[in-house]
Amino acid sequence: MGEQPIFSTRAHVFQIDPTTKKNWVPTSKHAVTVSYFFDSTRNVYRIISLDGSKAIINSTITPNMTFTKTSQKFGQWADSRANTVYGLGFSSESHLVKFADKFVEFKEAARLAKEKSQEKTALSSTPSQESAPGELLSPVTPESINGTEDERATPDAPHVPEARGEPSQNALPFSHSSSSINKHWEAELAALKGNNAKLTAALLESTANVKQWKQQLAAYQEEAERLHKRVTELECVSGQTTVIKSQKTELNHTIEELELALRAKEEELERLKAEVESANVFQSQRESLTQKLKDSESRNQTLEAQLSDLEQRLESSQQEQEAFRKSLRSLLELLDSKIFELNELRDTLAKLLEGS
């Protein structure tokens with residue numbers, strides 16, 4: 001089956017500063033999905049988180065790892081293979097507790113898987129009696145994990161900022177965020193449409209199988225009734241008692257086999273009914289997501305209208321300011337001319353006073 005997600009949550013992701021080993025460096029601008037994965041082929045558990053197409057966490061859980069809760073909403077663990085310490089900031093304490101419990105659970109499962117693997121390796125590495133003399137197998141040594149004291153040191157947990165509304169003048173980033181939410185819902189809706197198409201195909205196939213099995217069931221019932229009648233007729237026939245008894249025994253065995261087949265078909269019908277119910281649940285989830293997408297689109301249109309209105313207001317304000325500047329320049333020019341005339345009048349008056 002390959003690698004499958006078994007638990008997911010959302011958190012802000014950090015890594016320890018490789019130089020100081022004390023300060024946290026954020027690796028995601030916002031909360032991202034952090035998931036536990038189980039690889040059935042290698043029998044290992046991993047913690048994986050993607051920011052877009054970039055893997056910001058790819059940590060294999062080992063029995064020596066420890067998840068430490070450093071505050072009510074922050075936890076960390078060291079990964080010596082990646083030579084770093086990962087930190088997660090959650091939105092609530094309950095999310096942190098769930099993630100820590102899953103870490104302990106999968107860590108124990110990894111320990112048991114490792115012990116089983118070591119037992120199989122030890123059994124397969126035991127030399128047989130036909131082995132050549134002097135042939136030795138190298139011992140299996142577990143890897144050293146969670147190594148240095150600097151990695152085990154508990155740095156200060158970073159402060160995860162709370163979400164807050166942006167002012168009206170910052171309408172462009174807010175519109176961009178709305179479009180990203182819209183794309184997220186479209187991706188989820190596309191995935192649900194794909195799942196819905198698969199479930200619809202499986203439902204149609206199951207319905208066809210149900211009809212076929214009902215026909216087979218009716219045929220089995222008719223055959224059973226016919227066999228019962230045949231047994232009754234054979235019992236009424238005189239003579240050849242031994243042959244009749246053997247035929248009766250065979251017919252009874254056939255009836256029992258048909259009854260077992262009938263029970264198996266009934267169980268299959270129950271399973272198909274459960275699949276139909278789950279398909280209905282997926283259909284309701286799809287309709288809910290479609291409605292959410294429509295709401296998101298309407299909010300996006302409203303925000304775009306508000307942004308356009310703000311841009312028009314800004315343009316009109318700039319035009320008013322430009323007109324005001326022009327009027328001020330004309331007033332300054334007029335004032336300069338009046339001052340020049342007053343200076344000339346003063347000089348004239350001064351000359352008159354000196355002449356008198």
Just one of Y86, F99, F7 clears the side chain to side chain contact (heavy atoms under 4.5 Å, CB included) bar with I47, so which one? F99
Below 4.5 Å, heavy atoms only, C-beta onward: do I16 and T84 meet side chain to side chain? yes
Is there side-chain contact between Y36 and I48, with heavy atoms separated by less than 4.5 Å? no
Indicate the ring-plane relationship of F74 and W24, choosing parallel, tilted or perpendicular according to the 30° and 60° boundaries. perpendicular
Verdict with supporting geometry, T33 and R10, side-chain hydrogen bond (donor to acceptor under 3.5 Å, both in side chains): CA-CA 4 Å; T33 301; R10 294 185 66 81; 3.1 Å; yes
According to a 4.5 Å side-chain heavy-atom criterion applied to Ile, Leu, Val, Met, Phe, Trp and Tyr, with indirect links allowed, do [X] and [Y] form part of one hydrophobic cluster?
X: V32; Y: V25; value: no
X: V34; Y: V44; value: no
X: F67; Y: I56; value: yes

Quick one about T68 and T70 (side-chain donor to acceptor, distance below 3.5 Å, no hydrogens or angles considered), yes or no? no
Scan side-chain atoms only and decide if D17 and T19 contain a donor-acceptor pair under the 3.5 Å cut-off. yes
List the steps, then state whether side-chain contact (heavy atoms from CB on, under 4.5 Å) holds for L349 with L345. CA-CA 6 Å; L349 292 173; L345 181 61; 4.3 Å; yes
Looking at Q72, I want to see if its CD is surrounded by more than 12 non-hydrogen atoms of other residues, nucleotides or ligands under 6.0 Å. no
For salt bridge (charged side-chain N to carboxylate O under 4.0 Å, His left out), just list the numbers for R111 and E108, CA-CA rounded to whole Å, side-chain angles, deciding distance to a tenth of an Å, and then say yes or no. CA-CA 5 Å; R111 183 186 66 80; E108 180 65 18; 2.2 Å; yes
When clusters are formed from ILVMFWY side-chain contacts under 4.5 Å, directly or step by step, what else is grouped with L328? F324
Nonpolar side-chain network containing L335, other nodes, edges under 4.5 Å: I339
Examine distances only and state if a side-chain atom of S296 and a backbone atom of K292 form a donor-acceptor pair shorter than 3.5 Å. no
When rounded to the nearest 0.5 Å, the distance separating CD of E93 from OG of S71 is 9.0 Å
At what distance, to the nearest 0.5 angstrom, does NZ of K265 lie from CZ of R263? 15.0 Å
